[in-house]
Participant: 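Attaching a single structure in C-alpha cells format; questions to follow.
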Amino acid sequence: MTLLELENRQSLIVNTLRARRHKSVRPRRLRTTAALRAMVRETELNARDFIYPLFVRHGTGRSEIRSMPGVYQLSVAESVQEAESAARSGVNAVILFGIPKEKDPIGLENFSEDGIVQQAIRAIKKEIPEMVVVTDVCLCEYTDHGHCGILNTSEHYHTGLPEGYVLNDPTLDVLAKVAISHAECGADIVAPSGMMDGMVSAIRDGLDFAGYENLPILSYAVKYASSFYGPFRDAAEGAPKFGDRKSHQMDPANVREALREAALDVEEGADMLMVKPALAYLDVIRVVKDAFPEMPMAAYNVSGEYSMIKAAAANGWVDEEKVTLETLTAIKRAGADLIITYHAVDAAKWLK
Ligand code: PBG
C-alpha cells in the first residue's frame with residue numbers, strides 16, 4: 001500500500017466513524033453552565049424535607065454524645081432551644097427520643113404524664129406551636145433489658161416461646177398507651193419503631209378510642225436489624241442487655257419482605273411509611289415508593305451513617321458539606337419525601 005493509499009484509507013475510516021456518531025445527541029449541552037444544570041435538576045433538597053432528631057433527658061444542660069459529634073443529650077429547656085434553632089434554619093419537624101430517669105421491665109416512664117418526652121412535647125409545642133413534633137414510640141429506651149417489648153419470662157404463660165423472647169401482643173398494649181400519652185401532650189405525629197406485628201392497628205385503635213382520630217401515624221414499616229444503629233444506642237442508652245433485635249427487625253438481605261411489611265402497615269391505617277436505615281437501603285426505598293406511590297415516604301438516615309461522615313470529615317478525608325448534601329439528595333432521589341437526619345440543621349443552613 002502506498003502512503004497515499006494508506007492516508008485515503010485512514011480518512012475513510014475516520015469519516016465513516018464521524019458520520020455514525022450521533023452528533024445531534026449531546027447530553028453535555030445541558031451541563032455547560034450552572035444555570036442550565038439547575039434548570040434540568042430532577043431532585044431538589046429542601047429544609048422542609050428534614051426531620052431533626054432530639055434526645056431528651058432529665059436534668060439540666062446538654063452533653064455531647066461521644067460517638068455522634070455535634071449531637072447532644074438535651075434537657076427539656078435545651079431541647080426547646082435546639083428546636084428553635086431548627087425552626088430558624090427552616091426545618092419544621094423534630095422527632096423526640098427520651099432517656100428516662102429509671103428503667104424497669106415494662107418501661108413505665110414511657111407512658112407517664114411526667115415522662116421526659118411528655119415534658120419535652122409540652123415545652124416545644126408551647127414555645128414553637130408551628131413546629132411539627134413527631135415522637136418515637138418504642139420500649140427499648142425505657143426497659144431495663146433494653147429490648148423493644150415485654151419479654152417472655154418464666155412467670156409468663158407463653159410456654160412455646162424461649163425466655164427473653166420479645167412478646168408481640170402484650171407489647172402492643174403498651175405501645176397504644178405510649179401513643180395516647182404523647183397525643184395528650186400535643187404530639188403531632190406518632191412514629192412506632194418497634195417492628196411489632198399489628199403495631200399500627202393497635203396504636204390506631206388506641207388513638208381513635210381516646211379521641212385522636214386525626215393524629216397521623218408514621219410507621220417505621222421497613223426497619224432492618226442493622227449495625228448502623230450503633231451510635232444511636234449510645235445516644236439513647238437503649239442497647240439490648242443481651243441478644244439482638246433479629247426476632248422482629250428485618251434481615252438486611254431481604255427486599256420482597258419489605259413490600260409485605262409496607263402493605264400490612266398501609267392496610268392497618270399508617271399515614272406515612274418509613275424505610276430505615278437509608279443509605280445501604282436505597283433500593284428498598286425505591287421499591288417501596290414505586291409500590292405505594294400514594295404514601296408519603298420517609299427514610300431514616302441513621303446514626304452510623306451520620307457518624308461515618310463525621311469521622312471521615314474530621315480526618316479531612318471527605319468534605320462534610322458536599323458529601324452530606326450528596327447523600328441526602330441520593331436518599332430523596334431514591335424516593336423518600338422526608339428524611340430523618342442528624343444533619344438536618346446543618347444541611348438546611350448549607351442549602352441557604
Ligand atoms: C428504636 C430506635 C432505634 C433507632 C431509632 N429508633 C434503635 C434500634 O432499633 O435499635 C435508631 C436510629 C439511629 O440509629 O439513628 N427506638
Side-chain angles (χ1 to χ4, degrees), residues 50-57 65-73 94-100 103 106-107 109-111 115-117 134-150 166 171 174-175 178-179 182 187 189-196 199 203 217-252 261 273-281 298-311 324 327-328 331 336 338-344:
F50 304 144
I51 303 173
Y52 187 42
L54 300 177
F55 298 100
V56 197
R57 60 146 167 76
I65 295 148
R66 194 187 47 84
S67 54
M68 300 179 76
V71 180
Y72 300 83
Q73 289 186 347
V94 293
I95 180 165
L96 301 181
F97 297 93
I99 299 119
K103 304 192 185 212
I106 295 168
E109 191 181 315
N110 210 353
F111 47 88
I116 191 67
V117 162
V134 186
T135 58
D136 186 80
V137 176
C138 191
L139 270 60
C140 58
E141 292 121 55
Y142 292 86
T143 50
D144 51 8
H145 43 71
H147 282 287
C148 304
I150 307 287
V166 178
T171 302
V174 180
L175 293 176
V178 174
H182 292 171
I189 298 176
V190 292
S193 66
M195 288 297 279
M196 294 296 115
M199 68 183 183
I203 288 174
I217 298 175
L218 162 59
S219 178
Y220 287 67
V222 181
K223 177 172 176 182
Y224 288 88
S226 170
S227 298
F228 285 98
Y229 306 150
F232 174 93
R233 291 175 186 174
D234 280 349
E237 298 173 12
K241 292 285 173 312
F242 60 89
D244 53 40
R245 307 214 200 285
K246 289 181 184 161
S247 83
H248 45 102
Q249 297 180 346
M250 282 176 57
D251 182 343
E261 283 286 359
L273 299 177
M274 193 195 305
V275 170
K276 175 183 172 190
L279 209 44
Y281 299 85
Y300 201 137
N301 181 212
V302 301
S303 56
E305 299 172 340
Y306 170 85
S307 299
M308 286 196 305
I309 292 183
K310 281 287 181 186
T324 300
T327 299
L328 296 172
I331 295 168
L338 298 163
I339 306 172
I340 303 180
T341 174
Y342 303 98
H343 267 122

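Remember, it's 1-based here, ligands and their atoms both numbered in the order they're listed.
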Participant: Just to verify, what does Y224 make a ring-ring contact (aromatic ring centres under 6.0 Å, His included) with, not counting sequence neighbours?
Facilitator: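 ring-ring contact (aromatic ring centres under 6.0 Å, His included) list for Y224, sorted by chain: Y281.
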
Participant: Between G194 and C138, which heavy-atom pair has the shortest distance, and what is it?
Facilitator: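 Reported closest heavy-atom pair: CA-SG, 3.8 Å.
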
Participant: Write out all pairs satisfying side-chain hydrogen bond (donor to acceptor under 3.5 Å, both in side chains) with one or both partners inside residues 240-250, taking only residues at least two apart or from two chains.
Facilitator: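 Passing the test, one end in residues 240-250: no pairs.
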
Participant: Minimum heavy-atom separation for G98 to Y142, with atom names?
Facilitator: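 Taking G98 first and Y142 second, the nearest heavy atoms are CA-OH, 3.6 Å.
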
Participant: Tell me if the CZ atom of F228 is crowded by more than 12 foreign heavy atoms within 6.0 Å.
Facilitator: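 No.
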
Participant: Could you list, one pair per line, each nitrogen or oxygen of ligand 1 together with any protein nitrogen or oxygen closer than 3.5 Å, giving atom names and the distance rounded to 0.1 Å?
Facilitator:
unit_1	atom_1	unit_2	atom_2	d
ligand 1	6 (N)	K276	NZ	3.3
ligand 1	9 (O)	K223	NZ	2.7
ligand 1	9 (O)	Q249	NE2	2.9
ligand 1	10 (O)	R233	NE	2.9
ligand 1	10 (O)	R233	NH2	2.6
ligand 1	10 (O)	R245	NE	2.9
ligand 1	10 (O)	R245	NH2	3.3
ligand 1	14 (O)	S303	N	3.3
ligand 1	14 (O)	S303	OG	2.7
ligand 1	15 (O)	S303	N	2.7
ligand 1	15 (O)	Y342	OH	2.6
ligand 1	16 (N)	D136	OD2	3.0
ligand 1	16 (N)	E141	OE2	3.0
ligand 1	16 (N)	S193	OG	3.2

Participant: Under the rule for salt bridge (Lys or Arg N to Asp or Glu O under 4.0 Å), what residues qualify as partners of K103, not counting sequence neighbours?
Facilitator: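 Here no residue qualifies.
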
